[in-house]
Amino acid sequence: MSSSTGPAPRCELRAVHALVLRELMRLTANPGQVAMLMLQPLLFLFTLGGGLSTLVPDHAVGGSYRSYLFPGVLLMSIQAPALNVGFRLIIDRDSGVLRETLVAPARRTTLLCGICLGGCVSAAAQGAVLIALAPAGGLPYRPLLLLGLLAQLTLCAFALTALGTAIAVRIRRAETFALLLSLTSAPFLFTSGAFVPRSALPGWLDPLAAVNPLAYACDALHGTIRALAGHPATADGAGRLPLAANTAALLLTGLIALYLGARSFDRHQATD
Amino acid sequence: MTEEPPAIRTRGLSKSFGEHQAVCGVDLTVRPGEVFAFLGPNGAGKSTTISMLCTLSRPTAGGATVAGADILTQPHRVRARIGVLFQHSALLPELSLARNLQLRARLHGLSRAQARHRTAHALRLVGLDDRRRDPVRTLSGGLRRRLDIARALLHGPRLLFLDEPTVGLDPPARAELWRHLRTLRTEEGITVFVTTHYLDEAEHCDRLAIIDHGRIAAEDRPDRLKAALGRATIRLRTSDDTKAARTLHEAHGLRPHADPGPDGTLTVPVADTASWLPRLCATLSDRGLQVHSAVATSPTLNDVFFHHTGRHIS
């Protein structure tokens with residue numbers, strides 16, 4: 001809705017802070033749910049990483065397979081919580097709970113940014129737990145590397161949260177969103193190079209990888225490990241683009257998604 | 001001396017969803033400090049009207065001023081000045097009462113210190129300060145609604161919107177909630193705008209508007225709306241009904257009519273039973289007539305609703 005005078009910036013920041021805090025409190029209040037979400041990536045790291053390491057030669061991935069898999073596992077750990085923000089947005093809108101947030105004296109764009117940022121921080125916090133297990137992924141325990149991975153993972157979480165939210169504001173039913181996620185999550189993760197180098201995938205999947213944000217996220221994480229740990233690059237796991245380009249691509253994806261989501265959010269809610 | 005501006009004033013407020021006209025040309029004025037009820041069945045347009053007044057949805061025609069701010073041009077100002085309680089609670093069950101309120105206060109732009117101070121004040125207002133550290137999931141439905149009210153009051157609004165606040169509550173919890181609302185009005189001077197489809201709740205409001213199919217069918221004080229039907233009666237059994245009828249006609253200009261039969265009664269149509277019953281008894285007693293029994297029957301709000309809409313609300 002149009003406004004002649006907007007709310008004070010300080011009030012807007014407080015609203016964003018409240019929404020981020022709310023997500024973190026939700027996270028800490030549900031340790032069981034968090035444990036369930038962490039279980040899948042851990043299973044992948046130890047079962048798939050352990051099982052396939054004997055089948056995948058080291059030279060194919062530029063190191064041990066478990067080391068190659070670790071960035072993909074990190075990505076998995078933030079994928080579900082980041083996309084859940086969009087899912088919850090639809091459920092909250094359907095149940096009327098979202099109106100409690102929208103009645104705050106802040107711009108809708110600000111509120112959506114707060115919701116996204118909350119989801120991003122919450123997802124990154126879950127990813128941080130896995131980062132702490134870096135040695136299990138065959139990575140050295142270096143503070144700079146861990147911080148670099150956390151920063152990169154936070155950026156990935158931001159891009160995924162913004163994408164999920166931008167889609168969610170255009171979808172009316174939670175079932176449709178869930179169906180869309182189940183249809184796209186696995187193919188996008190598979191073609192990102194999270195589990196096998198993209199060079200090992202058929203060439204006709206290249207266009208999909210080119211528009212796949214998870215591919216850029218995966219490349220960015222591989223690139224971070226290479227840059228900060230001196231870890232040997234994988235066959236193509238370190239990406240076809242430099243680290244800075246992958247980082248910029250993720251940032252741009254997140255910002256565009258957030259902009260489109262906020263615009264749509266404002267319009268859809270006003271006409272409800 | 002200037003008159004205080006109305007808490008709410010709407011002008012031709014309308015909202016349509018495609019072909020469906022949910023709210024149609026609503027004109028309302030709610031005075032500061034009053035408890036105003038919006039009475040109507042489900043789907044009448046109550047929640048849609050509240051959504052527009054709270055600036056959550058945009059009217060397709062007309063406009064409104066809420067708490068001194070225009071809903072179309074100053075939506076943020078409106079939201080800063082009002083408190084809203086929707087049908088569905090957004091409390092986080094795992095967090096404590098105080099934590100829930102502090103989060104809400106921050107969402108409304110209050111500083112940390114203000115949030116703490118206002119949380120303590122709001123919990124005291126609704127009588128939940130002794131449970132501030134308990135998780136919300138341990139509260140009953142009625143107590144949760146009281147906590148919702150506390151949430152809506154955190155930023156010190158002068159106008160409180162309540163959308164069907166007692167849905168799902170048992171009668172004692174409903175009564176308790178209303179007791180708190182009346183206390184709020186008395187002690188804090190807050191204007192309360194409440195939507196309801198419970199007649200007994202609307203009865204206790206200062207004024208009410210009946211909404212049906214998106215249109216205001218009637219608006220006034222509950223007693224006036226009922227009195228306007230003119231069907232309030234007092235049925236008397238006296239020692240001499242014929243003489244009593246003549247006496248009441250001569251003394252008060254009333255037109256009683258006696259029902260035939262050995263157990264017949266004298267039916268006296270009046271505007272307001274509460275004020276007329278003692279007067280009639282006193283008049284008859286003064287003339288030496290004994291009143292054996294007196295039964296007052298008044299039109300109900302359901303009668304009023306039926307009169308204006310052609311159907312019963314319950």
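Chain letters run A, B, ... following the sequence lines, proteins first, then strands; residues in each count from 1. Only a predicted model underlies this, so the values are computations on that prediction, with no experimental measurement involved.
In this structure, the portion of B:Ser89 lying under 4.5 Å from any heavy atom of chain A is its backbone and not its side chain. Neither the backbone nor the side chain of A:Asp92 comes within contact range of chain B; no heavy atoms are under 4.5 Å apart. At a 4.5 Å heavy-atom cutoff, the contact between B:Leu92 and chain A is made by side-chain atoms alone. Heavy atoms closer than 4.5 Å to chain B are found in the side chain of A:Leu111, but not in its backbone. The part of A:Arg26 that comes within reach of chain B is its side chain, from C-beta onward, which places non-hydrogen atoms under 4.5 angstrom from that chain. Contacts between B:Arg99 and chain A at a heavy-atom distance below 4.5 Å involve the side chain alone, from C-beta outward.
Checked by atom type and distance alone, the side chain of B:Thr191 pairs as donor or acceptor with a backbone atom of B:Gly33 at under 3.5 Å. Without hydrogens or angle criteria, B:Arg124 side chain to B:Leu128 main chain gives no donor-acceptor distance under 3.5 Å. A donor-acceptor pair under 3.5 Å is absent between the side-chain atoms of B:Asp70 and the main chain of B:Thr65, judged by distance alone.
Note on B:His155, B:Gln87, B:Arg151, B:Arg81: by heavy-atom pairs under 4.5 Å with chain A, the leading option is B:Arg151. Contact tally against chain A (heavy-atom pairs below 4.5 Å) for B:Pro93, B:Ser111, B:Ala152, B:Cys54: the top residue is B:Ser111. Between chain B and the options A:Pro105, A:Ala18, A:Ala106, the largest number of non-hydrogen pairs under 4.5 Å is found for A:Pro105.
If you check the side chains of A:Arg99 and B:Ser51, you find a donor sitting under 3.5 Å from an acceptor.
In this structure, B:His121 and B:His117 have parallel ring planes: the angle between them is below the 30° cut-off, well short of the 60° mark.
Between the CZ atom of A:Phe188 and the CG atom of A:Leu163 there is a distance of 9.0 Å, given to the nearest 0.5 Å.
Heavy-atom contacts from other residues, nucleotides or ligands closer than 6.0 Å to CZ of B:Arg9 number 12 or fewer.
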